[in-house]
Amino acid sequence: AVVSTQSTGGDLGICLWINKTLYESVELKPLPDDVEPRLVGAVDTPMDLDEPASGEEGEWKGADQIQSDLVTLSDTPRAKWTALCNLDVIKKRNKPKAPPTAPKAAPFFLQTTKELVPKFVVEEKAPEEKESSKPLRVGESDFQRMLLANTGNTQEILRYMDSMPTPMLDLELQSLSPSDGGSHELVEGFLNFLGAAHALRTSFDLVQAYTNVFLKYNRQYLMETASLRKKLAELRNLHKDQWADLQRRIQEVVCVTNFLKNVAL
C-alpha cells in the first residue's frame, strides 16, 4: 500500500493506494485510445490544520469495546494477573527454609545427672506451634458487599478488583465459600459476576485469571451444591463458545498472514 497527500483548492487530503489483485480477481484489459483519466476530487470536509479540532485536548483514550462481538484485553500488566494465578508458588519459593535464630549462650555451669557416670543434661525443646498458612478474615469487606448488593454493575466490580493488591484479591477469592468464612450468597454472586463478565467480552485476560483462582479455592463447594452446579455448567458453555469464536478468528488471521507471506508478488 502507498499513502500520498493531495492538495486541491487549499484542502489537504490523504490518499491510500492498494493493489486490488491481492484481494480479488482483476481482469486486465487494454484501454481504448479515447479514454480519459479519472480525477480524484478534493476532500469534502475542509479542515484548518493550524487550529486543533474539538475534543482533542488532553490525552486521547480509545473506546473500551470497539464491537460487541470482539474480545478485548485489559491494560493491566501481565505480571499482575499471572502472579495471582501462581501466588501460592511464589510464596513457597520466597519462604525461607529456616527462620534466623541467634546463637544460644552457653551456661556458666553445665548441669549433670546424679549417676555413677555423670552425663550432661540436655534441655528438651518445647514443640513449636505451626503457624497457619491460611489467612483469616474478620468482618465483611467492601468487595463482598458489592457482590451481595447485586446491582449488576459488572464494570465497577472489574475496576475494583483490578485496583486491589494481588495478595488481598487472592484472600477475597479464598474467603467466599462458607467453610472459609464466606457464604452461599457470596459464591453464587461471584458466579453471576463471572457470567456477566464473560458476556461483556472485555478484560478477557483478567476474567480468565479470576475464574482460574475462584475455581481453585471453591471447586469442592461448587461440586457439592446442586444449584451452583447448574450455574457452573452455564458458565462452562459460555466460556466454551467464546473460546471457539476466538480460536476461529485467530485461525483466520493466521491463514491470511501465511497467504500474504507466501504469495508471489
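The residues of the chain are indexed from 1 along the displayed sequence.
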Once rounded to the nearest 0.5 Å, what's the spacing between atom CG of Leu191 and atom CZ of Arg229? 13.0 Å

Output the distance between atom CG (Leu186) and atom CD (Glu172), rounded to the nearest 0.5 Å. 9.5 Å

Donor-acceptor contact present, side-chain Lys231 to main-chain Gly195, <3.5 Å: no

Verify same cluster id: Leu235, Leu215 (apolar side-chain graph, 4.5 Å): yes

Measure across Thr166 and Ala83 and return the closest heavy-atom pair with its distance rounded to 0.1 Å. CG2-C, 4.2 Å

Roughly how far, to the nearest 0.5 Å, is the CD atom of Gln242 from the CZ atom of Phe204? 6.0 Å

Hey, what do you get for NE2 (His239) to CG (Asp241), rounding to the nearest 0.5 Å? 10.5 Å

Taking the side chain as everything from C-beta on, heavy atoms only, tell me whether Met146 gets closer than 4.5 Å to Phe193. no

So, for Asn212 and Cys85, which heavy atoms are closest and what is the spacing to 0.1 Å? ND2-SG, 3.7 Å

May I ask you to test the Val213-Leu87 pair for a side-chain heavy-atom distance under 4.5 Å? no

Interatomic distance, CD1@Ile250 vs CD@Gln247, rounded to 0.5 Å, equals 7.5 Å

Please report the interatomic distance CD(Glu188) to CG(Leu148), rounded to the nearest 0.5 Å. 10.5 Å

Taking all heavy atoms of Val207 and all of Ala197, pick out the closest pair and write down the distance. CG2-CB, 3.8 Å

Treating Ile, Leu, Val, Met, Phe, Trp and Tyr as nodes and any side-chain heavy-atom pair under 4.5 angstrom as an edge, say whether Leu200 and Leu246 lie in one connected cluster. no

According to side-chain hydrogen bond (donor to acceptor under 3.5 Å, both in side chains), does anything in residues 216-225 pair up with another residue at least two apart or in another chain? List the pairs. Asp170-Tyr217, His184-Tyr221, Gln220-Glu224

His198 side chain to Leu194 backbone, donor-acceptor under 3.5 Å: yes

Indicate the atoms forming the closest heavy-atom contact of Ser74 with Leu206, along with that distance. OG-CG, 3.4 Å

For Arg248 and Asp245, run salt bridge (charged side-chain N to carboxylate O under 4.0 Å, His left out): C-alpha distance rounded to whole Å, both residues' side-chain angles, the deciding distance at 0.1 Å, then the answer. CA-CA 5 Å; Arg248 178 183 60 82; Asp245 181 61; 2.7 Å; yes

Please tell me if the side chains of Ile157 and Gln155 come closer than 4.5 Å, counting only heavy atoms from C-beta onward. no

I'd like to know if Val253 and Leu73 are part of one continuous hydrophobic network [Ile/Leu/Val/Met/Phe/Trp/Tyr, side-chain heavy atoms within less than 4.5 Å]. no

Walk me through whether Leu222 and Phe214 qualify under side-chain contact (heavy atoms from CB on, under 4.5 Å). CA-CA 10 Å; Leu222 291 172; Phe214 171 73; 3.9 Å; yes

So, Asp205 and Arg78, do they make that salt bridge, N to O below 4.0 Å? no

Which heavy-atom pair separates Leu173 from Tyr210 by the least distance, and what is that distance? CD1-O, 4.3 Å

Give a yes or no on whether Phe259 and Val256 share a hydrophobic cluster (residues Ile, Leu, Val, Met, Phe, Trp, Tyr; joining criterion: side-chain heavy atoms under 4.5 Å apart). yes

If you group Ile, Leu, Val, Met, Phe, Trp and Tyr by side-chain heavy-atom gaps below 4.5 Å, do Met164 and Ile90 land in one group? no

How close do Leu171 and Ser175 get, heavy atom to heavy atom, and via which atoms? O-OG, 2.7 Å

